[in-house]
Amino acid sequence: MDWLLHPLTLVTFLPLVGVLILLFLREEQKEIIRWVALGTSLATFIVSLVVLAQFQPSNPELQLVIRRVWIQVAGWDIAYHLGVDGLSILLVLLTTFLTPISILSTWTAIEERVKEFMIFFLLLEVGMVGVFLALDLFLFYIFWEFTLVPMYFLIGIWGGPRRMYAAIKFFLYTMAGSILMLLAILWLGIRGGTFSLPELIAQNNIPADVQIWLFLAFAAAFAIKVPMWPLHSWLPDAHVEAPTAGSVILAGVLLKMGTYGFLRFNLALFPQAAVQLAPIMAVLAVIGILYGAAVSFPQQDVKKLVAYSSVSHLGFVMLGLFALNPQGIQGSILQMVNHGISTGALFLIVGMIYERRHTRDMDAFGGLWKVMPVYGALTLIVALSSMGLPGLNGFVGEFTILLGAWEAGQSDGSLRSYLYAGFAAIGVILAAIYMLTMFQKLFLGPLDKEENRQLKDLNWREIVTLVPLVILIFWIGLYPKPFFSLMAPAVDKLVGNLALSVAALP
Amino acid sequence: MNGSVFNVTMFLAIFPELWIFALATLVLILELALPKAQHRSLGWVTAIGLLLGIGVGLVVAVPSPQAQLVWGDLIRFDRLGFVFSLLFMFGASMTALFSSNLEKLGQRGDFYVLMLVSTLGMCLMASASDIIMLYLAIETTSIPLYILAGFYKDDEKSTEAGFKYLLFGAMTSAVMLFGFSYLYGLAGTTNLYELANQVLRNQLSPFLLYGVLGLILVGFAFKISAFPFHFWAPDVYTGAPTPIAGFLSTASKAAGFAVLVRVLWVGFPEVQPYWVYILSGVSIATMTLGNLLALAQRDMKRLLAYSSIAHAGYALIGFVAVSELGITSVIFYLVVYLLTNLAAFGTVAVFEKTSGSSEIASFAGLSRRSPWLAIMMLVAFLSLAGMPPFGGFVTKFAVFAAAVDRGLIGLAVVGVLNSIVGLYYYLTVLKVIYLYRSEEEHVAVPVPQASLLALAVLCIGVIAMGIFIAPGFNIALLGARALW
């Protein structure tokens, strides 16, 4: 039974213990329910720190691997197979870190059906952590799909006025993509005689023309999740309608499942297709960067602005991934974390003002700094981080990605043109414009709306939810080395494999 | 084998049938002996009796891997029939529990007797190795079901359902019997396992065989409600007593598949490309039609009827992937589908009893009225939709895998696209249950003990099948290997 007490099993399934406790509490015991949920998610976070402590950064291989036979019939080989390496460790930590923060943010925002809310939230955490740890394609798919149902209900029950439309759209978009991936998984598993990812990578014998199809099938699932332009249209709806905590997790973690999927599966399983398709993916990424930024600018709804800015930020992540060099990929992974922190914080900030004023229309505000200085200061830091000000986390990620994209623009790189990096850099400028406009409309100018004069500044609970995020914003911005050193060996190994495949190309 | 000498094996071979027969007799006697107030307990007697039968059967009557023909070669004592027999008994037992709280249904002994006789027929269907026996078994199954579908005599819809079912059933089984008669004329034998040899020896024209096979397929397609013989299902499911609709859509359908597997695989290997071709088309048409029509439904039972048509299509995918994995996936599919769909109809039956309606809209706010019932519907519907970690996902995975394994990528793609359509309407139901509010929210929906037990067993089964996959799969594999 050693696998049951293995840290990776614990970090994945510990939230289920909370779910079990919650099932036997009564709906009226709201306070206890909230504390149980928060306690469970904090315990999960602590376990994830234990995982980090046991993790050896210098080792590029998968670590803490558990593998137990699950289904071995009819020539299938499906295993309960978990492991962690430099590509996934930060995302696992991000998930376990954002979950308690999100739960804390619901303390007064969610008053109805608290028990169900917390149950769905903890179930969601199981799925998310599982996605980042699973090394068996079958198991991965189960976790991947498993995240859909709780998120569907989080949007559908506790969301805004158009919640049902948004929830169904979210579900169908994601499902449509992932079911194509299922076919590709079946094909791979049956052909290779195993569903184990490391073994399939080691086989490395998929013909180049088939790789393209498989790459596209996996990409369908991941590109919708990311979301890449032009498959992004579910995202603004889902984000705007979702409750604050749902938006935080959606932006912070669920979108990363898509980028992580590209990194873990597409690049590793289909290296030749990845090299061949890299320019196309990069074009889509750059369009996403510019489109997201351009559409963010005219938004009146703050939450919608943040949602579209996600499309832009994730374009950077995708560009870095398909630079296919160490800088690009390292920058991408860091930018996944950065986006989770900054955009998560932005959604929290939007949620706080919405809870007070029940509107998110920018014209309803103005001059808020005078009544809510703490809120204003925190928002400023987060907004600056999101637009990539040097010294804060966003800059480090975007800069590294741009470096990678520039290098990939050389004649022997994956992109073979400097235009990608050039256009992407415009996105940074656009981000500054829309973020600062938003800040100005909300906080500067005269305090001329009567309703805004009585607004209370943040309370202790709200400060506690934001401060850990702000600390990380500074930490990554000023001293990113520990984060890079966690992922560097694994990224180098991945890039090394890619280079071998490029050499094999005709 | 000599039919005139009795031996133990012969009786073991029909152990499920004997047990069910004895149980039906017991129920009849008890109905006379017990006062009317205690007639509810007949449901428990039936259910527990059947479960006991499964238990005893597993101890004493497990067939050896080496199949035997018994009773003058009418019955094949093998694991395929055994697996299916136990499945039917389980399904009947759950149906009895669901029925026991319904006033006009559960307090009448004749109801349980009819259901048991029908189950007996299904067991024979699964193990018949002779077309005469097969035809008798099919009729033994069908005739009680016609009566059961029309059991509410004073309800017009139920009467209509019974009558429609009877007309359709009689028609298709006549066509099938016509096909059987030709088969005997051509091959000179009624034994399925001889048939293939005879066909080879007599060098029959394949065109003749195509025609005969087409006639026979009519009867089978009716049983599994496959296109184009699916028309009866929505009307019959809506009118019939809800537990019976559940029984029809699961056990009866599984019995149809059991026969289909044996007859086509054993009797007609010579013209395999032909029936693979036909059934691929039927599979695509069935699932597409079922799913598309389900989108437009407003009544829960009609929706489940169309969904059950669609599921026949999915199961056929595994069937036309002609391989051991294919057959295994079909059996596995049917096992999990039986659990899932019985749970779905069971929850509808419970809800209908309180609200008097099976309109989808009337399920609004169910998650507040009865959280546990809502969770059970959630499990059942997500499993039907093929979402992990429920059994429905694994079985869909298995049939698609069987198709991909044989290179039928196109068929798998159609199946996958269909799953998306299916997902949409299952989600719509869950949306009504979980997201909509209603004015009757404060009125709880009580779940009677018997139904609660059955639902709990079924839901736990669905989840267990989805998580511990190997046991279920291995049982299906045992069944599949016994085919030859």
Side-chain angles (χ1 to χ4, degrees), chain A residues 23 27 69-76 78 80 112-113 115-116 119-120 123 126-127 130 138-149 152-153 155-159 163-165 167-168 171-191 195 213 217, chain B residues 323-329 332 367-368 371-372 374-375 378 382 385-390 393-394 396-407 409 412-413 415-424 427-428 430-432 434-437 466-474 476-477 480:
Chain A
L23 275 179
E27 175 67 45
V69 173
W70 186 9
I71 312 161
Q72 217 163 24
V73 281
W76 301 358
I78 294 173
Y80 174 71
E112 237 189 299
R113 302 170 85 175
K115 176 175 150 184
E116 287 167 85
I119 288 178
F120 283 130
L123 287 177
V126 174
F138 184 85
L139 185 66
F140 167 77
Y141 187 78
I142 285 186
F143 282 127
W144 173 271
E145 293 285 278
F146 191 76
T147 57
L148 280 185
V149 179
Y152 169 76
F153 284 114
I155 299 175
I157 299 182
W158 294 274
R163 55 182 178 269
M164 302 203 185
Y165 170 76
I168 291 253
F171 203 114
L172 288 179
Y173 257 75
T174 330
M175 189 75 187
S178 50
I179 210 143
L180 288 173
M181 174 171 74
L182 177 64
L183 274 183
I185 289 180
L186 275 172
W187 195 90
L188 277 173
I190 289 171
R191 181 176 174 279
F195 285 85
W213 288 106
Chain B
S323 62
E324 189 181 86
L325 175 62
I327 291 297
T328 311
S329 70
F332 191 29
S367 69
R368 291 161 196 261
W372 283 102
I375 288 186
L378 179 81
L382 286 181
M387 289 295 289
F390 303 110
F393 166 69
V394 187
K396 272 215 179 80
F397 188 84
V399 290
F400 293 156
V404 171
D405 191 29
R406 298 285 298 182
I409 310 275
V413 170
V416 155
L417 293 178
N418 262 287
S419 322
I420 301 176
V421 180
L423 185 69
Y424 179 77
L427 266 190
T428 312
L430 294 179
K431 181 175 80 173
V432 173
Y434 273 90
L435 313 190
Y436 283 6
R437 316 274 312 238
I467 295 178
F468 309 105
I469 300 155
F473 200 94
N474 279 327
L477 195 63

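Distance check: A:L186 CG to B:D405 CG gives 10.0 Å after rounding to the nearest 0.5 Å. Atom-to-atom distance recorded for B:I467:CD1 and A:Y80:OH is 11.5 Å, nearest 0.5 angstrom. Between B:N474 atom CG and A:I71 atom CD1 the span is 10.5 Å, to the nearest 0.5 Å.
For a residue to count as touching a neighbouring chain, one of its non-hydrogen atoms must lie under 4.5 Å from one of that chain's; by this rule A:E116 touches chain B with the side chain only. Of the atoms belonging to A:F138, it is side-chain heavy atoms, and not backbone ones, that fall under 4.5 Å from chain B. Heavy atoms of A:R113 lying under 4.5 Å from chain B belong exclusively to its side chain. Only the side chain of B:L378 comes within less than 4.5 Å of a heavy atom in chain A; its backbone stays farther off. With a 4.5 angstrom heavy-atom cutoff, B:A403 does not touch chain A via any of its atoms. Using a 4.5 Å cut-off between heavy atoms, A:W70 contacts chain B through both its backbone and its side chain. Only the side chain of A:I190 has a heavy atom closer than 4.5 Å to any heavy atom of chain B. Both the backbone and the side chain of B:Y424 come within contact range of chain A, judged by heavy atoms closer than 4.5 Å. For a residue to count as touching a neighbouring chain, one of its non-hydrogen atoms must lie under 4.5 Å from one of that chain's; by this rule A:I157 touches chain B with backbone and side chain alike.
Here B:A401 is the residue among B:A401, B:G386, B:A470 with the most heavy-atom pairs under 4.5 Å with chain A. Interface remark: of the candidates B:F393, B:F400, B:Y436, B:F393 forms the most heavy-atom pairs closer than 4.5 Å to chain A. Considering only heavy-atom pairs separated by less than 4.5 Å from chain A, the leading option among B:I409, B:I469, B:L430 is B:I469. Of the listed residues A:V69, A:L172, A:L182, A:L148, the one with more heavy-atom pairs under 4.5 angstrom with chain B than any other is A:L172.
Using bins of under 30°, 30° to 60° and over 60° for the plane-to-plane angle, the ring pair A:F120/B:Y434 lands in the perpendicular bin.
Heavy-atom minimum distance, A:L183 versus B:A412: CD2-CB, 3.6 Å. Taking every heavy atom of both residues into account, A:A176 and B:I420 meet most closely at CA-CD1, 3.6 Å.
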For a side-chain contact (heavy atoms from CB on, under 4.5 Å) check, start with the C-alpha distance between B:F397 and A:Y141, then their side-chain angles and the critical distance, and finish with the verdict. CA-CA 11 Å; B:F397 188 84; A:Y141 187 78; 5.9 Å; no
Decide side-chain contact (heavy atoms from CB on, under 4.5 Å) for A:Y152 and B:L435; before the verdict, give the C-alpha distance in whole Å, the side-chain angles of both, and the deciding distance to 0.1 Å. CA-CA 10 Å; A:Y152 169 76; B:L435 313 190; 4.3 Å; yes
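Checked for salt-bridge contact, B:R437 and A:E112 meet the test: a charged N lies under 4.0 Å from a carboxylate O.
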